[in-house]
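For reference, the structure is listed below as structure tokens.
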Amino acid sequence: FLKGHLYFDTEVDPALLELDNPYDRDARVEAGVEGRQWNDMWDHAYYDGHYYMYFGVVPVLLLFLPYRVITGQALTTYHATQLFTAFFIVGVFMLFAYLIKKFFPKVPMIIYLLLSTAVSVMSVWYCIAYPALYCTAIASAMCMMIWCFYFFFRAVFDEEITKKTFIFAALGSLFGALAFGCRPTVALGNLVVIPLLVTFFLRRKLTGTQWIYTALCAMPYVVVAAGLMWYNNARFDNPFEFGQSYQMTVADQSQYGNVFANLDWKVLGENIKKALFRSDCEPLDYGIFVAFPILFLGVIGAVRKGSRKYLFDSGLGLVIPVAVVTTVVIIAMGILWTPYLLTRYTMDYLWLLGVALFVGVGALYQREKTNPRLTVILVILSVFAVVVCIAMFCIPYDANYASHMEFDKKWVNGILKWK
């Protein structure tokens, strides 16, 4: 950006320019390109003779570019991940505190603290294990979305319609829109905003001026979408292409253009089931409900008659179902658009299920009479979730810290193996 163009200055290997299909990894290896330019090209987007950044541009605009201009130094992706992760955790505690104050006053303080901690750790543990460029993109999107939720909840459920209502709505729109410029799959969490807005319009009688303000609050989505479309078109001659099709990685993703052409619904369903409930696997290749059984409580809160009625009476009735459906959609996109699912992709949706968990648990406390037993169960499962994350942090995997230390891998895997 500082040099006035959108591509990297890295000189492209002439052998790559001569390939009929530069996105075919076998062809690159055969031509010797992979060995010569491994660090330059891996996980970048290549198009029309130039390398481009594949990862979202919003972290660049928010952190990397200002830091470079102000200090003259390059901000490392590690530090960027730390910043986004820290603000995400603050957002989790802020959102859950608001939900308790507004909807779930019977939730004990210890449960608020334990659930906030467990959801935070479950969501970001991989960032701690491997806080490099992959996690910068995901952590930034998670950070945008949790604050999007916080401001939209405030805009929809605060008692009076005041100027703050529209400020909160505009901020919710801004953060929700920016998430698409970080990692679009995480940004699908914006679907949860839809039932919130439906609740807002059903419960409020807006004046003509307030309708205008409401429309203006949606402008951040329009402006950010226009900016991202311009950015995509300037790089790839397609306003809807973020670089996925031109990514230089383990598979030829330029062939993924029409994901529905050869879609096998049975295989897709089996893979979604594995992502949610798989147990016969190595320690890090888990189903999230198996690794974190506490997530079941969010679903229980959504289906039990008393808690379900309370949620619908409060205007939160669709939050959990939409969050679960959105999770399935995100997993399906990962299955269809990537060669295989990786552990770090769970960060795309674990935070979302964490929000659903807290809403479901809050409703259980408001309507169920088994609070002492529920509290004991939550304490155990919250601590278990944190311990599981610490255990996974210790497993050498994906060039994380543990893989660079002198662990006895046989001992570590023997202790932590889940079979």
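Values below: every heavy atom of this structure, side chains too, minus hydrogens, waters and symmetry copies. One is the number of the first residue; the rest follow in order along the sequence.
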Quick one: side chains of residues 170-182, donor-acceptor pairs under 3.5 Å with protein atoms, not counting sequence neighbours, listed by atom name and distance.
residue, atom, partner, partner atom, Å
S173, OG, A169, O, 3.0
S173, OG, C217, O, 2.8

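- Side chain to side chain, Q210 and T214 fail the donor-acceptor criterion of an N or O pair below 3.5 Å.
- Looking at residues two or more places apart in sequence or on another chain, you find no salt bridge (charged side-chain N to carboxylate O under 4.0 Å, His left out) involving D48.
- Y51 and D9 are not linked by any side-chain donor-acceptor pair at a separation below 3.5 angstrom, with hydrogens and angles left out of the test.
- Remark: H79 pairs with T76 by the side chain to side chain donor-acceptor pair (under 3.5 Å) rule, at least two apart or across chains.
- At a cut-off of 3.5 Å, with distance as the only test, a side-chain donor of Y54 or Q244 sits close to an acceptor on the other residue.
- For D158 and K164, the salt-bridge test fails: no basic side-chain N is under 4.0 Å from an acidic carboxylate O.
- With rounding to the nearest 0.5 Å, the separation of NE2 in H50 from CD in E11 is 11.5 Å.
- Among residues two or more places apart in sequence or in another chain, the salt bridge (charged side-chain N to carboxylate O under 4.0 Å, His left out) test is passed with K101 by none.
- Within the model, atoms CG of N238 and CG of N232 stand 7.5 Å from one another, a figure rounded to the nearest 0.5 Å.
- Scored by the salt bridge (charged side-chain N to carboxylate O under 4.0 Å, His left out) test, R308 finds no partners at all (sequence neighbours excluded).
- The aromatic rings of F236 and Y52 stand perpendicular to each other, their planes meeting at an angle above 60°, with 30° marking the opposite boundary.
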Can you list, pair by pair, the side-chain donor-acceptor contacts under 3.5 Å of residues 133-147, counting residues two or more places apart and other chains?
residue, atom, partner, partner atom, Å
Y134, OH, D43, OD2, 2.3
T136, OG1, T77, O, 3.1
T136, OG1, T81, OG1, 2.7
T136, OG1, A132, O, 3.3
S140, OG, T136, O, 3.0
S140, OG, A137, O, 2.7
W147, NE1, F87, O, 3.0

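- Note that OH of Y7 is 15.0 Å distant from NE2 of H44, once rounded to the nearest 0.5 Å.
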